[in-house]
There are 4 protein chains.
Amino acid sequence: MASSPSPPRLRDADKSQLTILTAALDEFSQFGFAGARVDRIAEQAGVNKRLIYYYFGNKDDLFLAVLERTYADIRAAEQALHLDAMDPVEAVRQLVSFTWHYYLEHPEFITLLNSENLHQAVHLKQSARIQEMNSPLVQLLADVLDRGRQQGLFRDGVDPIQLYISIASICYFYLSNNATLSAIFGRDLKAPKALAQRLSHMTEMVLGYVLR
Amino acid sequence: MASSPSPPRLRDADKSQLTILTAALDEFSQFGFAGARVDRIAEQAGVNKRLIYYYFGNKDDLFLAVLERTYADIRAAEQALHLDAMDPVEAVRQLVSFTWHYYLEHPEFITLLNSENLHQAVHLKQSARIQEMNSPLVQLLADVLDRGRQQGLFRDGVDPIQLYISIASICYFYLSNNATLSAIFGRDLKAPKALAQRLSHMTEMVLGYVLR
Amino acid sequence: MASSPSPPRLRDADKSQLTILTAALDEFSQFGFAGARVDRIAEQAGVNKRLIYYYFGNKDDLFLAVLERTYADIRAAEQALHLDAMDPVEAVRQLVSFTWHYYLEHPEFITLLNSENLHQAVHLKQSARIQEMNSPLVQLLADVLDRGRQQGLFRDGVDPIQLYISIASICYFYLSNNATLSAIFGRDLKAPKALAQRLSHMTEMVLGYVLR
Amino acid sequence: MASSPSPPRLRDADKSQLTILTAALDEFSQFGFAGARVDRIAEQAGVNKRLIYYYFGNKDDLFLAVLERTYADIRAAEQALHLDAMDPVEAVRQLVSFTWHYYLEHPEFITLLNSENLHQAVHLKQSARIQEMNSPLVQLLADVLDRGRQQGLFRDGVDPIQLYISIASICYFYLSNNATLSAIFGRDLKAPKALAQRLSHMTEMVLGYVLR
DNA sequence: CATGAATGAGGTTTCATTCAT
DNA sequence: GATGAATGAAACCTCATTCAT
């Protein structure tokens with residue numbers, strides 16, 4: 001039996017890269033691109049600052065790497081959602097619920113996207129990888145809407161892209177702007193009860209719209 | 001009468017403050033709080049940097065001043081919208097349209113809010129002024145919903161706060177995340193036609209929900 | 001008698017700039033552009049490092065400022081040399097002597113030029129000021145050569161630019177490459193006697209060439 | 001015979017060393033000692049950076065190795081020049097021409113020497129090898145001058161070392177300072193015509209000096 | 001013989017802020 | 001009310017070099 005061809009220590013490189021990426025994700029999502037500090041990322045990752053540049057080139061490229069991973073994560077989660085196996089009404093319900101819970105459990109997704117949008121998507125535009133990662137949900141939603149219409153349940157003329165964006169909107173905005181909304185309305189909009197009410201409202205609204 | 005009671009000098013001070021505030025609004029909305037540069041604000045305002053500190057204390061306080069003005073502006077615009085004079089369906093239609101166009105024409109409102117939310121609304125929380133400036137639209141919307149229900153047009157059980165947030169959501173998110181959405185979908189979602197389609201979809205969706 | 005319109009303290013700015021420039025001249029001439037350290041310049045000038053960027057923008061621009069000053073200095077020294085008032089032979093002798101002594105007493109001129117040439121004159125090319133500062137000596141030398149020829153002393157067909165460059169060459173190279181030459185020849189070519197012999201040889205060579 | 005006494009592996013080592021040396025020569029001559037980057041040398045040589053340290057110790061020693069090779073190269077070229085077989089006038093002409101063309105075709109020689117002189121020949125001083133490599137041309141030039149004098153062609157009292165340095169000067173300076181000279185005179189002094197004129201002038205000047 | 005991973009020190013530059021008038 | 005001069009701290013990034021295999 002020969003010794004394994006790839007020495008076991010070699011994986012430290014991957015590990016270091018992953019540690020850096022995780023720390024960077026944390027930092028960027030907490031402070032945005034401009035507010036993030038490479039020093040803090042290095043410290044939190046427990047690696048030398050120089051190593052970050054060794055692996056990722058510079059702050060911008062590191063941000064892009066984080067962004068790509070974030071998108072890969074949500075796309076993977078979306079893959080696990082099998083809308084095609086559900087009846088139309090249930091599928092819409094599940095889509096709203098999934099979107100809501102994903103954003104709720106991944107606040108970093110929201111802050112990263114906000115930061116990227118502030119900078120007019122400069123990083124994302126130069127990423128070939130992300131542009132290939134179109135969400136499968138748009139197509140799945142189109143199918144669901146078709147089925148619902150054929151069953152005489154859903155209304156005509158609903159644009160799946162618009163609806164997809166609207167569903168994302170109502171989930172995303174409530175969470176991304178939670179701090180200012182809470183301050184203005186003078187209540188804690190992240191209290192468990194408030195969250196439950198929100199999900200209930202959103203589901204009702206979307207179904208109220210698509211159902212005949 | 002020779003000399004006016006309020007000396008013209010005072011005007012200059014007001015003017016300087018206003019110039020600074022306008023420049024700061026521009027800078028903060030372009031780069032976010034962390035990315036904004038006091039130097040650039042001074043340069044664009046055409047005043048000495050020191051003057052900014054003289055009038056506004058520091059960068060944080062300046063940001064708060066900008067935020068307060070921004071909220072004051074939108075509240076003023078909202079005041080001009082007389083939903084109570086319209087029939088319920090038209091009122092809902094107008095509310096969506098107003099929200100949409102206000103965000104569209106005031107992109108700085110969006111970026112400022114995003115920046116503030118990234119920092120958990122630290123500035124806003126310490127502002128008594130803003131917290132008093134509750135939007136009048138929530139109450140007006142509540143009235144509209146009541147009227148619509150009484151006329152047998154609208155469904156029961158629609159929470160005006162939730163609906164208000166949802167209307168804001170669908171307008172805001174489409175614009176705030178326009179850059180990443182455009183990149184991912186591979187189209188220009190700010191093209192005039194796309195904007196018109198969006199407004200049409202949103203109106204349909206909200207009405208589709210509230211109407212019986 | 002009114003008080004002077006320009007407050008006396010204002011000149012501190014000029015003084016700081018000059019101190020920085022002098023320190024930079026020293027540093028760049030000692031270590032070349034790449035080897036020079038902004039930190040050391042600040043330290044030697046006794047000013048905050050930030051001030052260097054406040055006044056000069058960046059390292060490249062600072063280098064250019066030094067270069068411009070250096071050229072201004074030598075041009076000023078050249079102005080003081082009145083070749084037109086001398087007989088042709090004496091004028092040539094003086095030109096060689098002046099060039100030699102200027103380089104000898106301004107070693108920084110040599111190292112700065114070497115550094116700039118290493119980088120293909122990138123700084124100099126973007127300087128409008130320097131390109132206007134053509135050396136007056138070329139024209140003066142042309143006149144001297146003309147007069148010498150008319151007096152039947154000098155040979156025909158001597159190109160003043162070529163001769164000017166050659167005179168500069170024999171003075172400059174001996175000094176700029178003194179260290180390696182000394183090492184190779186195993187003698188101290190900067191010893192007073194060696195310097196005197198060099199000047200004597202150069203004068204002889206140039207005169208030997210131009211004289212009929 | 002199966003295996004050669006000198007194993008082929010050794011060849012690889014030599015080859016690696018040579019590749020590194022060539023890449024280093026290129027880098028140092030382009031950027032000077034301080035501006036040169038060990039990373040770039042490794043990249044251009046196509047070898048691991050560690051290998052450079054394995055073979056050459058450190059950046060300074062690598063520079064010295066480059067310098068030694070450069071001197072060895074020019075000495076070898078000088079060896080091929082047989083001034084003793086020519087008549088004196090032709091010999092002087094050839095010496096100027098050789099020097100000129102060698103510098104012209106080996107710009108790296110110039111930049112390396114400039115870099116070394118900037119640092120007061122620190123590397124060269126500690127190299128026993130280079131100091132032994134005295135140029136054979138000085139002695140050959142002395143012989144030529146003697147022969148010319150004996151034939152009644154050349155003047156008395158010409159110091160061969162001084163003349164050797166002067167010939168080097170007029171060739172070297174024109175090329176080493178070409179960038180700044182071109183910038184100041186506003187012409188391209190490296191254009192083919194300009195180069196031909198320069199050689200012609202130099203030959204004329206040296207001969208004009210040594211001939212009676 | 002050769003290499004990918006890793007680093008401490010230090011490089012240029014930028015930042016919000018204050019000093020002195 | 002207004003300003004040019006000045007700064008300490010810290011930002012991003014780079015460098016020659018070494019570690020561990």
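In what follows, chains carry the letters A, B, and so on, assigned in the order in which the sequence lines appear, proteins first and then strands, with residues in each chain numbered from 1. Here the structure is a predicted model, which means the values were calculated and not measured.
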*Return the angle between end axes of the helix from E:dA2-F:dT21 to E:dT21-F:dA2, with five pairs used per end and rounding to 10°.*
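For the helix from E:dA2-F:dT21 to E:dT21-F:dA2, the axes at either end differ by 30°.
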*Residues of residues 28-54 of chain B with any non-hydrogen atom less than 4.0 angstrom from an atom of DNA chain F: list those, numerically ordered, please.*
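Close to the strand are B:Asn48, B:Lys49, B:Arg50, B:Leu51, B:Tyr54.
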Would you kindly give the [atom1]-to-[atom2] distance between [X] and [N], to the nearest whole Å?
{"X": "D:Asp60", "N": "F:dC15", "atom1": "CG", "atom2": "P", "value": "16 Å"}
{"X": "D:Glu27", "N": "F:dA16", "atom1": "CD", "atom2": "C1'", "value": "13 Å"}
{"X": "A:Asp14", "N": "E:dA6", "atom1": "CG", "atom2": "C1'", "value": "15 Å"}
{"X": "A:Lys59", "N": "F:dA10", "atom1": "NZ", "atom2": "P", "value": "16 Å"}
{"X": "D:Phe56", "N": "F:dA16", "atom1": "CZ", "atom2": "C1'", "value": "16 Å"}
{"X": "C:Leu18", "N": "F:dA5", "atom1": "CG", "atom2": "C1'", "value": "16 Å"}

Could you measure the distance from the [atom1] atom of [X] to the [atom2] atom of [Y]? Nearest 0.5 Å is fine.
{"X": "D:Arg69", "Y": "D:Leu64", "atom1": "CZ", "atom2": "CG", "value": "14.0 Å"}
{"X": "A:Thr19", "Y": "A:Gln44", "atom1": "OG1", "atom2": "CD", "value": "10.5 Å"}
{"X": "A:Leu21", "Y": "A:Leu25", "atom1": "CG", "atom2": "CG", "value": "7.0 Å"}
{"X": "A:Ile41", "Y": "A:Phe56", "atom1": "CD1", "atom2": "CZ", "value": "10.0 Å"}
{"X": "B:Leu112", "Y": "B:Glu116", "atom1": "CG", "atom2": "CD", "value": "9.0 Å"}

*So, B:Thr111 versus B:Gln30: side-chain donor-acceptor pair below 3.5 Å or not?*
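Side-chain D/A pair, B:Thr111 to B:Gln30: absent.
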*Are B:His119 and A:Phe31 close enough, and set up right, to give a ring-ring contact (aromatic ring centres under 6.0 Å, His included), and what steps lead you there?*
CA-CA 7 Å; B:His119 301 285; A:Phe31 303 99; 7.8 Å; no
*Between B:Ser16 and F:dA2, does any side-chain N or O lie under 4.0 Å from OP1 or OP2?*
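True: B:Ser16 side-chain N/O within range (under 4.0 Å) of F:dA2 OP1/OP2.
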*asked:* Quick one, A:Thr70 with A:Glu108, criterion side chain to side chain donor-acceptor pair (under 3.5 Å). Give me CA distance, side-chain angles, the key distance, then yes/no.
replied: CA-CA 9 Å; A:Thr70 302; A:Glu108 76 283 0; over 6 Å; no
